Amino acid sequence: MSGFDVDLIVAGGGPVGLAAAIEARLAGLSVVVAEPRSGDIDKACGEGLMPGALPRLKRLGVDPSGMPLRGVSYRTRGRHADHRFTAASGEGRGVRRTELHAALHARAVELGVAFDETKVGPISQDAASVTAAGMRARWLFGCDGLHSTVRREIGVELPASRRGRRFGVRQHFAVAPWSDLIEVHWSGEVEAYVTPVAPDTVGIALLGRRGIDFARALAGIPELAFLLDAEPASTLRGAGPLRQRTSRRHRGRVLLVGDASGYVDAITGEGLRLGFAQAEAAVSAVAHGLPGGYEQDWMSITRDFRVLTSGLVAAARSPLRPAIVPLAAALPRVYGGVVERLAR
Ligand SMILES: Cc1cc2nc3c(=O)[nH]c(=O)nc-3n(C[C@H](O)[C@H](O)[C@H](O)COP(=O)(O)OP(=O)(O)OC[C@H]3O[C@@H](n4cnc5c(N)ncnc54)[C@H](O)[C@@H]3O)c2cc1C
């Protein structure tokens, strides 16, 4: 490895960065993960691993504990549309982010991934190498999330419209889960995701406009208002704006993976599944010395997410919003078909 400190620098040790680091070690590359935060990293997330995410994690040797998720239930005042995942899709799992992080981190350490508690800033590259955070490497993956520095450094960030920006907030409650379906409660103001993550804990993630008032929004959902009297099991955490756009996903020796590569919305709860699929594709591309091939893989991995998720967000922001749950209930085959596509 003459002249190089490492084959691959992974900027960002979130779940996608750790999955990419594991993939890269399994492909025989040496890896350093640059991540400024220490400990089991938490993040505002609905924490639902869609069925398609679990075999990907298993292939990496990662099997975090959590609660089975067997489908999706759209709900609004007295009406609901339930779809149970088919046997072909399998089960999903509700997993606390700290638990997911611990499981991925332990596997990365076991495989010899090195860690550097640092933030990646300026990046320079030439035809043969990329330099960042004081290291020279063959490749760099930007896995640094929604507000990616790497994306800006390589000049592929596109300005996002300020109109209709959406944000997320989440909190956990010490309550026994009451369903094995991911419940999505549609109020006039927010979508509230209920995900069981432990036998005594549920997570509530709300998506909506900037400045969501968590307590007020919960109070506005009759089926969930009882949680206001339950014991919180975590502090409130937020994220956003969710929509992030990129003109391309690689430049030279730098590839963008996970939320850093562009994100539509959390409304379909599949950021992790997509991020793990992107990590696999990115490692395969650099292992073959063909980083440009990643662009096409990224497009095909994210196609449904870009099309269906954008469509659902547009409907959620339109006068159609109150009709979404009744329509899902009236058209179970269409609703089930969409859930299945996004689950895999
Ligand atoms: C409210 C909400 C609900 C969601 N619900 C779901 C769900 O139910 N299911 C699902 O699959 N997805 C869900 N998502 C999406 C999911 O959370 C993301 O897709 C996922 O976290 C992406 O992982 P990541 O590793 O790409 O980014 P992140 O998890 O954001 O990790 C990025 C890491 O990079 C680090 N970092 C930042 N800057 C730098 C830098 N300059 N140098 C080095 N490191 C840096 C950060 O510290 C962080 O650890 C939800 C998102 C939100 C906001």
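Values in this document were obtained by computation on a predicted structure and should not be read as measured data. Every number for a ligand or one of its atoms is a count from 1 in the order of the listing.
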Identity and separation of the nearest protein heavy atom to atom 30 (O) of ligand 1: K43 CE, 3.5 Å

Hey, is H147 touching ligand 1 through its side chain, its backbone, both or neither, going by heavy atoms under 4.0 Å? neither

Taking the six-membered ring for Trp, are H105 and H101 parallel (under 30°), tilted (30 to 60°) or perpendicular (over 60°)? parallel

Classify the ring geometry of F173 against F214: parallel below 30°, tilted from 30° to 60°, perpendicular beyond 60°. parallel

Below 4.0 Å from any atom of ligand 1, is there a heavy atom belonging to A260? no

Of all protein heavy atoms, the one nearest atom 43 (C) of ligand 1 is A34 O, 3.2 Å

Quick one: look at E117 and ligand 1, take heavy-atom pairs under 4.0 Å, and tell me if it's side chain, backbone, both or neither. neither

Is the side chain of E91 donor-acceptor paired with the backbone N or O of R70 at a distance under 3.5 Å, no angle test? no

Can you find a non-hydrogen atom of M50 under 4.0 Å from ligand 1? no

Just by distance, with hydrogens left out, do T98 and D42 show a side-chain donor and acceptor under 3.5 Å apart? no

Heavy-atom distances under 4.0 Å are what count here, so tell me which part of R170 touches ligand 1: side chain, backbone, both or neither. neither

Side chains of H80 and E183: is there a donor and an acceptor less than 3.5 Å apart? no

What's the verdict on side chain to side chain contact (heavy atoms under 4.5 Å, CB included) for E47 and V95, showing C-alpha distance, side-chain angles and the deciding distance? CA-CA 6 Å; E47 300 179 325; V95 178; 5.8 Å; no

Within the 4.0 Å heavy-atom cut-off, what A53 brings close to ligand 1 is neither

Should R97 be counted as touching ligand 1, given the test is an N or O pair under 3.5 Å? yes

In ligand 1, which numbered atoms sit nearer than 4.0 Å to a non-hydrogen atom of T149? 41 (N)

Just one of D265, T302, T268 clears the side-chain hydrogen bond (donor to acceptor under 3.5 Å, both in side chains) bar with T309, so which one? T268

Just jot down the ligand 1 atoms closer than 4.0 angstrom to any heavy atom of G168, in number order. 1 (C)

In this structure, atom 35 (C) of ligand 1 is nearest to the protein heavy atom E35 OE1, 3.1 Å

Within the 4.0 Å heavy-atom shell around L207, which atoms of ligand 1 are there? 1 (C)

Tell me yes or no: between the side chains of D7 and S30, is some donor less than 3.5 Å from an acceptor? yes

Answer whether the closest heavy-atom distance between the side chains of S284 and E23 falls below 4.5 Å. no

Here the atoms of ligand 1 under 4.0 Å from any heavy atom belonging to C143 are 32 (C), 33 (C), 34 (O)

For R251 and Q125, test the side chains for any donor-to-acceptor distance below 3.5 angstrom and give the result as yes or no. no

Is there a polar contact between ligand 1 and P36, counting only N or O atoms under 3.5 Å apart? no

At a 4.0 Å threshold, what atoms of ligand 1 neighbour a non-hydrogen atom of A266? 2 (C), 3 (C), 4 (C), 50 (C), 51 (C), 52 (C)

Please report which non-hydrogen protein atom sits nearest to atom 37 (C) of ligand 1, along with the residue it belongs to and the distance in Å to one decimal place. D144 O, 3.5 Å

Looking at CZ of R96 and OG1 of T195, how far apart are the two atoms once the value is rounded to the nearest 0.5 Å? 11.0 Å

Identity and separation of the nearest protein heavy atom to atom 31 (O) of ligand 1: G14 CA, 3.6 Å

Any T195 heavy atom less than 4.0 Å to ligand 1: no

I'd like to know whether ligand 1 has G275 as a neighbour, heavy-atom separation below 4.0 Å. no

State whether a side-chain donor-acceptor pair under 3.5 Å links E340 with S89. yes

Heteroatom proximity flag, V16 to ligand 1, N/O under 3.5 Å: yes

Atom 8 (O) of ligand 1: nearest protein contact (heavy atom, Å): G48 N, 3.1 Å

Which option out of L18, V33, L104, V120 puts a heavy atom nearest to atom 41 (N) of ligand 1? V120

Looking only at non-hydrogen atoms, the one of G203, A44, P241, G269 nearest atom 53 (C) of ligand 1 is A44

Give the residue and atom name of whichever protein heavy atom lies nearest to atom 15 (C) of ligand 1, and the separation in Å to one decimal. Y263 OH, 3.3 Å

Mind checking whether D259 has an N or O less than 3.5 Å away from an N or O of ligand 1? yes

May I ask you to check if ligand 1 and G258 share an N or O to N or O distance below 3.5 Å? no

With respect to L272, determine whether any N or O atom, backbone or side chain, lies less than 3.5 Å from an N or O atom of ligand 1. yes

Going by the side chain to side chain contact (heavy atoms under 4.5 Å, CB included) test, name the single residue among V190, V264, I267 that passes it with R166. I267

Write out the residue and atom name of the closest protein heavy atom to atom 13 (C) of ligand 1, then the distance separating them to 0.1 Å. C45 SG, 3.5 Å

Hey, which atoms in ligand 1 end up nearer than 4.0 Å to a heavy atom of L242? 53 (C)

Going through the checks in order, is the salt bridge (Lys or Arg N to Asp or Glu O under 4.0 Å) test met by K119 and D144? CA-CA 9 Å; K119 193 172 161 130; D144 49 344; over 6 Å; no

Quiz question: by atom type and distance under 3.5 Å, do the side chains of Q278 and S261 form a donor-acceptor pair? yes

Strictly by modelled atom types, are D297 and S300 linked by a side-chain donor-acceptor pair under 3.5 Å? no

Under 4.0 Å from one or more heavy atoms of A239, ligand 1 contributes atoms 53 (C)

Measure the CD-CG distance between E157 and L256 for me, rounded to the nearest 0.5 Å. 10.0 Å

Distance (rounded to the nearest 0.5 Å) between L206 CG and L218 CG: 5.5 Å

Numbering the atoms of ligand 1 from 1, which are under 4.0 Å from a heavy atom of E270? 10 (C), 11 (O)

